[in-house]
A.B. asks: 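Sharing a structure below in structure tokens format, with a few things to ask.
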2 protein chains.
Amino acid sequence: MKADQALFCNSKHHKMERFLEVCLLLLLYDEVGYGYGLIEQLEYFGFSQEELNVSTLYRTLRKMETESLVSSFWEEGGPGPRRRVYQITENGKTNLNQWIRVLEIRKARIDTVIHKYHEKVDS
Amino acid sequence: MKADQALFCNSKHHKMERFLEVCLLLLLYDEVGYGYGLIEQLEYFGFSQEELNVSTLYRTLRKMETESLVSSFWEEGGPGPRRRVYQITENGKTNLNQWIRVLEIRKARIDTVIHKYHEKVDS
DNA sequence: AGAGACTATATACCTAATGAATATAGATTG
DNA sequence: CAATCTATATTCATTAGGTATATAGTCTCT
């Protein structure tokens with residue numbers, strides 16, 4: 001079954017990485033955001049300033065827009081340089097929901113490994 | 001602190017992927033194994049036959065040997081084509097231990113995302 | 001014995017994801 | 001107006017992974 005297979009974390013379409021993408025969708029779920037400002041918000045999900053690559057962030061946001069997961073517009077008028085503000089799309093919300101199910105399976109798999117490790121080593 | 005940073009899942013040295021590598025180290029922890037036979041054992045960790053790429057498996061094992069995580073020898077005498085049998089090294093055991101700690105952090109981060117999702121969406 | 005299927009390992013080629021570095025440019029501050 | 005900060009974007013290189021294919025010995029059946 002292709003649909004089930006897609007839920008496996010290692011499958012072609014749902015790799016284990018792309019965690020940043022999920023966090024961005026979640027941050028944008030109920031409020032808009034712009035690249036630079038999202039960096040701070042990502043700390044909530046464990047991204048440190050050093051860890052997070054600014055290029056990766058902007059590239060990811062642009063890619064997500066081409067995939068219609070988010071849409072963007074230029075925010076004029078505020079202080080400082082103008083910002084490209086992103087908002088989630090309905091498509092993006094659906095995608096996030098699928099991602100969450102992937103993460104749940106992924107978490108279970110990690111758990112299996114951790115338990116097996118302690119079973120083998122701590123005894 | 002570089003040591004702490006290395007524990008983050010996205011850091012340069014500990015990416016989120018390479019889950020296969022951890023599972024292989026764990027399988028080889030207390031008994032030797034060979035490529036083709038490990039495929040079946042990997043099902044325990046959620047790898048389906050279709051999902052698991054045979055090339056990836058062999059490539060990963062060879063790479064792990066160059067990194068001194070495992071060592072190998074040719075098993076002669078048994079039925080069928082001869083097998084390259086892998087065994088874990090002390091270095092590999094240390095590495096697995098570090099990986100487990102990475103996975104524990106990774107699991108916590110996934111949990112944060114899942115909880116935040118339900119908090120935002122299911123209410 | 002020979003054909004075909006199976007077991008087992010390995011490599012070549014390509015794409016996708018990511019990191020590092022750099023480019024651009026307007027806004028702010030002194 | 002020079003220096004700095006905010007903000008976005010792109011280029012180049014590396015790595016992980018997928019697809020396809022190569023190689024070769026073993027087993028089974030006739």
A.B. asks: Take the protein atom CD of Glu40(B) and the nucleotide atom P of dC6(C), then report the distance between them rounded to whole Å.
C.D. replies: 15 Å
A.B. asks: Between C1' on dT18(C) and CG on Leu61(A), what's the gap in Å once rounded to a whole number?
C.D. replies: 15 Å
A.B. asks: Could you state the atom-to-atom distance from CG of Leu52(A) to P of dG19(C) in whole Å?
C.D. replies: 8 Å
A.B. asks: What closest approach, in Å, do Thr56(B) and Leu20(B) show between heavy atoms, and which atom pair accounts for it?
C.D. replies: CG2-CD2, 4.0 Å
A.B. asks: Quick one, which residues of residues 25-35 of chain B touch DNA chain C with a heavy atom under 4.0 Å?
C.D. replies: Tyr34(B), Gly35(B)
A.B. asks: What residues, two or more places apart in sequence or in another chain, satisfy side chain to side chain contact (heavy atoms under 4.5 Å, CB included) together with Thr94(B)?
C.D. replies: Gln98(B)
A.B. asks: To the nearest angstrom, how far is Asn53(B) atom CG from dA16(C) atom P?
C.D. replies: 16 Å
A.B. asks: Within the 4.0 Å limit for protein heavy atoms, which parts of nucleotides 24-30 of chain D are touched? Write it as a string from 5' to 3', B for base, S for sugar-phosphate only, - for none.
C.D. replies: -BSS---
A.B. asks: Please, which pairs that meet salt bridge (Lys or Arg N to Asp or Glu O under 4.0 Å) have at least one residue in residues 54-65 of chain B, sequence neighbours excluded?
C.D. replies: Glu21(B)-Lys63(B), Arg62(B)-Glu65(B)
A.B. asks: At a cut-off of 3.5 Å, list every protein nitrogen or oxygen paired with a nitrogen or oxygen from nucleotides 9-11 of chain D, distance to 0.1 Å.
C.D. replies:
residue, atom, partner, partner atom, Å
dA9(D), OP1, Arg84(A), NE, 2.8
dA9(D), OP1, Arg84(A), NH2, 2.7

A.B. asks: Mind checking side-chain hydrogen bond (donor to acceptor under 3.5 Å, both in side chains) for Glu104(B) and listing every partner two or more places apart, or none if nothing turns up?
C.D. replies: His118(A)
A.B. asks: Among all residues two or more places apart in sequence or in another chain, which pass the side chain to side chain contact (heavy atoms under 4.5 Å, CB included) test with Tyr58(A)?
C.D. replies: Tyr36(A), Val54(A)
A.B. asks: What pairs with Val32(A) under side chain to side chain contact (heavy atoms under 4.5 Å, CB included), at least two apart in sequence or on another chain?
C.D. replies: Val85(A), Gln87(A)
A.B. asks: Between Tyr34(A) and Arg82(A), is there a cation-pi geometry (under 6.0 Å to ring centre, at most 45° from the normal)?
C.D. replies: no
A.B. asks: Looking at residues at least two apart in the chain, or sitting in another chain, which of them share a salt bridge (Lys or Arg N to Asp or Glu O under 4.0 Å) with Glu119(B)?
C.D. replies: Lys116(B)
A.B. asks: How many whole angstroms separate atom CG of Leu20(B) from atom P of dT15(D)?
C.D. replies: 19 Å
A.B. asks: In whole Å, what is the span from the CG atom of Leu57(A) to the C1' atom of dG19(C)?
C.D. replies: 14 Å
A.B. asks: Apply salt bridge (Lys or Arg N to Asp or Glu O under 4.0 Å) to Arg83(A) and list each qualifying residue two or more places apart in sequence or on a separate chain.
C.D. replies: none
A.B. asks: From CZ of Arg83(A) over to P of dT6(D), roughly how many Å is that when rounded to an integer?
C.D. replies: 11 Å
A.B. asks: Could you tell me the separation between the CE atom of Met64(A) and the P atom of dA16(C), rounded to a whole number of Å?
C.D. replies: 18 Å
A.B. asks: Restricting to pairs with a member in residues 22-35 of chain A, which pass salt bridge (Lys or Arg N to Asp or Glu O under 4.0 Å), not counting sequence neighbours?
C.D. replies: Asp30(A)-Lys120(B)
A.B. asks: Tell me, please, which residues at least two apart from Asn91(B) pass side-chain hydrogen bond (donor to acceptor under 3.5 Å, both in side chains).
C.D. replies: none
